[in-house]
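Shown next, in structure tokens, is the structure this report addresses.
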Amino acid sequence: MRKTQVVIVGGGPSGLLLSQLLARHGVESLVLEKHTRAHVEGRIRAGLLESGTTELLSEAGVGAKMKREGLVHHGFLLAFAGRTHRIDLQGLAGRSVVVYGQTEIQKDLGDAAGEQVVWEARDVSIQGFEGRQPSVSYTKDGTTRTIACDFIAGCDGYHGVSRASVPPDRIAQYERVYPFGWLGILAEVPPVNDELIYANHPRGFALCSMRSRSRSRYYVQCPLTEKVEDWPDERFWGELKTRLPVDFAERLTTGPSIEKSIAPLRSFIAEPMRFGRLFLAGDAAHIVPPTGAKGLNLAAADVGVLYEGLAEYYRTGSERLLEEYSARALARVWKASRFSWWFTTLMHRIPEKGLDEALASKLQLAELDYLSQSEAASRAVAENYVGLPFAKA
Ligand code: FAD
Ligand code: DHB
């Protein structure tokens, strides 16, 4: 039976980043990804990186293109009641964020990974993680193989096999599914503003983001009952303009969409994140609603804690950091989940039984007005947006 030190299930950003960081510390790993490389790199997802994430990517040796092409943003705008309030990230929290797409990160990591990844590894199953000799089986090109390992990293996203392999009585799961989605489009047009705009509007939330100075990423809140086919480009642009303050709506450049998709919104956390020799990281352990762009950053932060623990184990034989992994990661996960839930609740129109929509909307506007007048409240937003620090090991 073939053997490696760490088997990583899932070749998304968490799995590939972990593999890269481990390699830099002399730890051998094998990544098993069920899809093709082209499929994984084609998924348009997150676009905003905290400084902790950019530092980790650089540490992993995949930061050069991001440093060249990423756009540094020192603030963003909240739009509501026809006006805007700027959150000065640099001034209030002393840090900035970087706009650089998940697709680019995925490509950079894929280029660096080489032979450590088995693409199209089907029927992955994990065994023995409660003991000292776990193993992982998979099928590729009709042949089934089993790999013995010291540890398994479950980096296989929300629908993956890792979390599903944990006996139900060993895991607590917390979940809220929001009663609306985000319709997103990508278009080869210059962004309406050089900073992001998060808009609260009676017709629903809108977000103006970007991937570069010539490529825009825009989102509008939409009912879960609607399909992409219900949204020809003209309808999307019309709805986006309606939800933006007039001066931005007038400046908006429209054009044909090159991608269009609807994402559901969910808050989900599984506890703990370690089960014997199985460690969950990223979306396998938690999902946040996208408002505030925490999903990818949380995944990277988990990996930052996990690779340190694994590296220390192979360097010294000590399991101290591995034992602390779940508690350290979860302390931060809960805070980021809280922020994502709060920001989602502040900015969206929430159609829910038992909730008076007019009251909810008035309370949102009062809170946004308060934010625009209180430096302390704006600072709290800025601190969370740029990413909270970790408790020291
Ligand atoms: P994933 O990216 O989900 O990667 C998991 C990998 O595991 C996948 O490649 C999958 O194919 C593989 N896998 C699954 N099951 C198996 C198996 N059984 N065997 C082998 N491999 C398997 N975050 C933001 O911050 N901003 C956004 O705008 C944003 N938009 C999003 C839009 C969508 C539609 C989705 C789904 C997510 C979005 N996110 C966003 C969240 C962000 O993309 C994720 O947090 C991030 O991708 C997490 O990385 P990950 O590697 O943990 O999980
Ligand atoms: C993007 C997504 C987000 O959820 C966010 O808060 C900011 C930017 C984006 O896809 O660009």
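Whatever order the structure lists ligands and atoms in, that order sets their numbers, starting from 1. In what follows, every heavy atom counts, from backbone to side chain, and hydrogens, waters and symmetry copies are set aside. Quick caveat: nothing in here was measured; it's all calculated off a predicted structure.
Those atoms of ligand 1 with a heavy atom of S14 less than 4.0 angstrom away are 49 (O), 50 (P), 51 (O), 52 (O). Of all the atoms in ligand 1, the ones that sit under 4.0 Å from a non-hydrogen atom of G160 are 15 (N). Atoms of ligand 1 found under 4.0 Å from any heavy atom of D156 (numbered from 1 in listed order, with element): 5 (C), 7 (O), 13 (N), 14 (C), 15 (N), 16 (C), 22 (C). In summary, the atoms of ligand 2 found under 4.0 Å from a heavy atom of L196, numbered by their order in the structure, are 7 (C), 8 (C). For ligand 1, the atoms closer than 4.0 angstrom to any heavy atom of V161 are 18 (N). Ligand 1 places these atoms under 4.0 Å from at least one heavy atom of G282: 52 (O). Those atoms of ligand 1 that come under 4.0 Å of a heavy atom in K294, given as number and element, are 25 (O). If you number the atoms of ligand 1 from 1 as listed, the ones under 4.0 Å from a heavy atom of L32 come out as 20 (C), 21 (N).
Scanning the protein for heavy atoms near atom 10 (O) of ligand 2, the closest one is Y219 OH, 2.6 Å. When only non-hydrogen protein atoms are considered, atom 7 (C) of ligand 2 lies nearest to Y198 OH, 3.2 Å.
Counting heavy atoms under 4.0 Å from ligand 1, residue C155 touches it through the backbone alone. Within the 4.0 Å heavy-atom criterion, neither part of L48 lies near ligand 1. With a heavy-atom cut-off of 4.0 Å, V99 does not touch ligand 2 at all. For Y218, no heavy-atom contact with ligand 2 is shorter than 4.0 Å. Both the backbone and the side chain of P290 come within contact range of ligand 2, each with a heavy atom under 4.0 Å. When heavy-atom distances to ligand 1 are checked against a 4.0 Å cut-off, H35 comes that close only through its side chain, counted from C-beta outward. Only side-chain heavy atoms of V124 come within less than 4.0 Å of ligand 1; its backbone N, CA, C and O stay farther off.
Distances shorter than 4.0 angstrom occur between a heavy atom of R211 and an atom of ligand 2. In this structure, R217 has no heavy atom closer than 4.0 Å to ligand 1. Residue contact check for ligand 1: Y219 places a non-hydrogen atom closer than 4.0 Å to it.
With salt bridges taken as basic N to acidic carboxylate O contacts below 4.0 Å, none links R24 and E59. Using a 4.0 Å cut-off between charged nitrogen and carboxylate oxygen, R215 and E69 do not count as a salt-bridge pair. Salt-bridge annotation for R277 and E319: present, with a side-chain N of the basic residue lying under 4.0 Å from a carboxylate O of the acidic one.
For the pair L48 and ligand 2, the shortest N or O to N or O distance does not fall below 3.5 Å. Some N or O of S209 is nearer than 3.5 Å to an N or O of ligand 2, by distance alone. Residue M210 has no N or O atom closer than 3.5 Å to an N or O atom of ligand 2.
Within 6.0 Å of atom NZ in K140, more than 12 heavy atoms from other residues, nucleotides or ligands are found, so the atom counts as buried in its surroundings.
Residues Y313 and F151 bring their aromatic ring centres within 6.0 Å.
Cation-pi geometry between K241 and F248 is not satisfied (NZ or CZ under 6.0 Å from the ring centre, within 45° of the ring normal).
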